[in-house]
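What follows is a single structure, written as structure tokens, with notes after it.
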Amino acid sequence: MPGFELIGNEEKKAVEKVFNEGGVLFAHGFESIRKKFHVREFEKMCSKKFKCKHSLSVSSGTAAIKIALKALNVGPGDEVITQAFNFIATIEAILDVKAKPIIANVDDTLNMDVNEVHKLISNKTKVILPVHMLGVSADMNGINKIAKTYNLKVLEDNCESLGAKFGGKYLGNIGHVSALSFDFGKIITTGEGGMVLTNDIKIDKYAREYHDHGHENNKLFPRGEDTRTIYGFNYRMTELQAAIGKVQLRKLDSIILNNKKRYLALNKEIRKYYKIREIPIQCEPIYDSFIFFEEDKKIRDKIIDKLLKVGIGTKNLPDAIKWHCSNYWDHALPKKEVKKTKKTYDLLIKAISIPIWLKKPIEEYIELGRFIKSLK
Ligand SMILES: *Cc1c(COP(=O)(O)O)cnc(C)c1O
């Protein structure tokens, strides 16, 4: 599942190399004592891998969402439509730019229900913010169509599905801009970290300046005399994170491949006996979580018990449902938004998400599948 399982010697060597080549940990300047610019290299690698024109490394996925919203000129009075199965970070970023989060329920794919989005659009709506949850893409055709009709921007939160595709294209490269996360629970990790991807040079320019106190990195001037037109904040990534990120990115394809083998083994055992999370036909997921539904709480509890006993556990559903279902977020959302999401709550409460661990052999997943099947 996540990159932390495979973090080790190669990443350690990459960090050592940073020290051996001058030890500069800052992404900018210090040319006379450094050999490399790892943050800039990591960005180039991401652009190449995900086939998108511009990649900007930042300090976290949450920062990436906020920076993207700023770059889309979202502010007070604007509404941003996002979804009820989510992570609190999107809401925090929307609130941080003083805009209003509007919540759509999810459908059986556990991603944004496009039919609901239609009904939520008002003259204040500026952005649709779909979140590709736990390895699977939202219906990007449906979302892009609505965005086009109403002249809205699409910001993809692709923190949880890096490497997944929709219609043959990498997620994060389908809307106007997207946010990636490399925190320690994600498919590849730099400890903390994130990325803003876009094909729009104007979005990239604003994001680049905003994440670095407004610095334009004007080549005609030393950094201390750099030019500026906006003020921003500090959401920069360090060289150490990027050095690790470069190594982790090279592992992404093999992580997905090995996830898939385990996922399919489990799927083969139980698909006839349980309702499995739907995957849109245009989507190639990253297979890092196997999600299914069971109405009977007694059976659910037995499965969860077993998952804990064999050391696999669950991923977010149900163990961290309170951080991922907006029905619990009355500390951040207006009551009206919280109430609307009962439908999503009713769906998620019956869901079990099995994490796919690469350190667990496929045989363990087959065995687990047989146990789950035996309960029916
Ligand atoms: C992890 C995550 C984030 C935030 O990323 P951080 O790097 O931890 O700030 C945002 N959205 C979703 C859906 C996530 O899973």
Side-chain angles (χ1 to χ4, degrees), residues 1-4 7 39 42 46 55-70 80-97 101 103-104 106 109-112 127-138 140 143 154-164 171-172 175 177-197 207 211 233-238 241-242 244-245 248-249 277 285-286 288-289 291 314-317 319-326 328-329 332-333 341 344 348 353 355:
M1 185 188 48
F4 78 75
I7 210 157
V39 170
F42 186 32
C46 280
S55 303
L56 171 71
S57 306
V58 297
S59 51
S60 73
T62 312
I65 302 167
K66 182 183 170 182
I67 293 163
L69 288 169
K70 290 293 287 185
V80 177
I81 298 175
T82 187
Q83 66 197 55
F85 182 34
N86 200 332
F87 176 58
I88 191 76
T90 60
I91 309 301
E92 290 169 326
I94 295 165
L95 293 174
D96 223 43
V97 301
I103 311 293
V106 297
T109 67
L110 298 186
N111 279 323
M112 188 175 262
V127 170
I128 308 176
L129 201 174
V131 187
H132 307 297
M133 290 302 287
L134 290 173
V136 173
S137 78
M140 289 311 292
I143 289 166
V154 176
L155 159 53
E156 290 174 78
D157 176 337
N158 194 29
C159 292
E160 294 194 6
S161 301
L162 185 63
L171 299 187
V177 57
S178 73
L180 316 181
S181 165
F182 308 116
D183 84 23
F184 209 53
K186 303 302 202 259
I187 185 140
I188 59 170
T189 184
T190 58
E192 298 275 7
M195 193 79 73
V196 180
L197 303 187
H211 100 295
F233 211 78
N234 177 2
Y235 292 113
R236 292 182 301 247
M237 181 182 272
T238 79
Q241 289 165 291
I244 294 169
Q248 286 263 306
L249 185 59
R277 176 194 197 176
I286 59 172
D288 71 327
S289 346
I291 307 179
T314 57
K315 185 170 184 193
N316 299 349
L317 301 171
D319 56 285
I321 190 171
K322 290 180 182 166
W323 287 95
H324 293 86
C325 175
S326 65
Y328 291 99
W329 297 346
L333 289 171
T341 62
T344 297
L348 295 180
S353 166

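Only heavy atoms go into these numbers, but all of them, side chains included; no hydrogens, no water, no symmetry mates. The residues of the chain are indexed from 1 along the displayed sequence. Whatever order the structure lists ligands and atoms in, that order sets their numbers, starting from 1. Since this is a predicted model, take the numbers as computed values, not measurements.
Relative to the ring axis of F233, K66 places its NZ or CZ within 45° and under 6.0 Å from the centre.
Looking only at side-chain heavy atoms (C-beta outward), W329 and T341 stay at 4.5 Å or farther from each other.
Paired with S353 under the rule side chain to side chain contact (heavy atoms under 4.5 Å, CB included), one option of D319, L317, T314 passes, and it is L317. F182 pairs with exactly one of I244, I187, I188, V58 by the side chain to side chain contact (heavy atoms under 4.5 Å, CB included) rule, that one being I188.
Among all protein heavy atoms, the one lying closest to atom 5 (O) of ligand 1 is S181 OG, 3.2 Å. Considering only non-hydrogen protein atoms, atom 15 (O) of ligand 1 sits nearest to E160 OE2, 2.6 Å. Looking only at protein heavy atoms, the nearest one to atom 2 (C) of ligand 1 is K186 NZ, 3.0 Å. Shortest contact from atom 12 (C) of ligand 1 to any protein heavy atom: D157 OD2, 3.4 Å. Remark: minimum distance from atom 8 (O) of ligand 1 to any protein heavy atom is reached at D183 OD2, 2.6 Å. Counting only heavy atoms of the protein, atom 9 (O) of ligand 1 lies nearest to T62 OG1, 2.5 Å.
Contact between S178 and L155 at its shortest, heavy atoms only, is CA-CD1, 3.9 Å.
Remark: D183 CG to E160 CD distance equals 9.0 Å, nearest 0.5 Å. Note that the CG atom of L333 and the CD1 atom of I91 stand 5.0 Å from one another [nearest 0.5 Å]. Taking CD from Q83 and CG from D157, the interatomic distance works out to 8.0 Å, rounded to the nearest 0.5 Å.
Applying the 4.0 Å criterion to heavy atoms of G193 picks out, from ligand 1, the atoms 7 (O). Contact atoms of ligand 1 toward G61: 5 (O), 6 (P), 7 (O), 9 (O) (distance under 4.0 Å to a heavy atom of the residue). The atoms of ligand 1 that sit less than 4.0 Å from any heavy atom of S60 are 7 (O), 9 (O). Atoms of ligand 1 lying under 4.0 Å from any heavy atom of C159, numbered from 1 in the order shown and given with element: 2 (C), 3 (C), 10 (C), 11 (N), 12 (C), 14 (C). Listed by atom number, the atoms of ligand 1 under 4.0 Å from V131 heavy atoms are 13 (C).
The shortest N or O to N or O distance between I65 and ligand 1 is not under 3.5 Å.
Under 4.0 angstrom from ligand 1, the non-hydrogen atoms of A89 all belong to its side chain.
Side-chain N or O atoms of E192 include none that pairs as donor or acceptor with a backbone N or O of S60 at under 3.5 Å.
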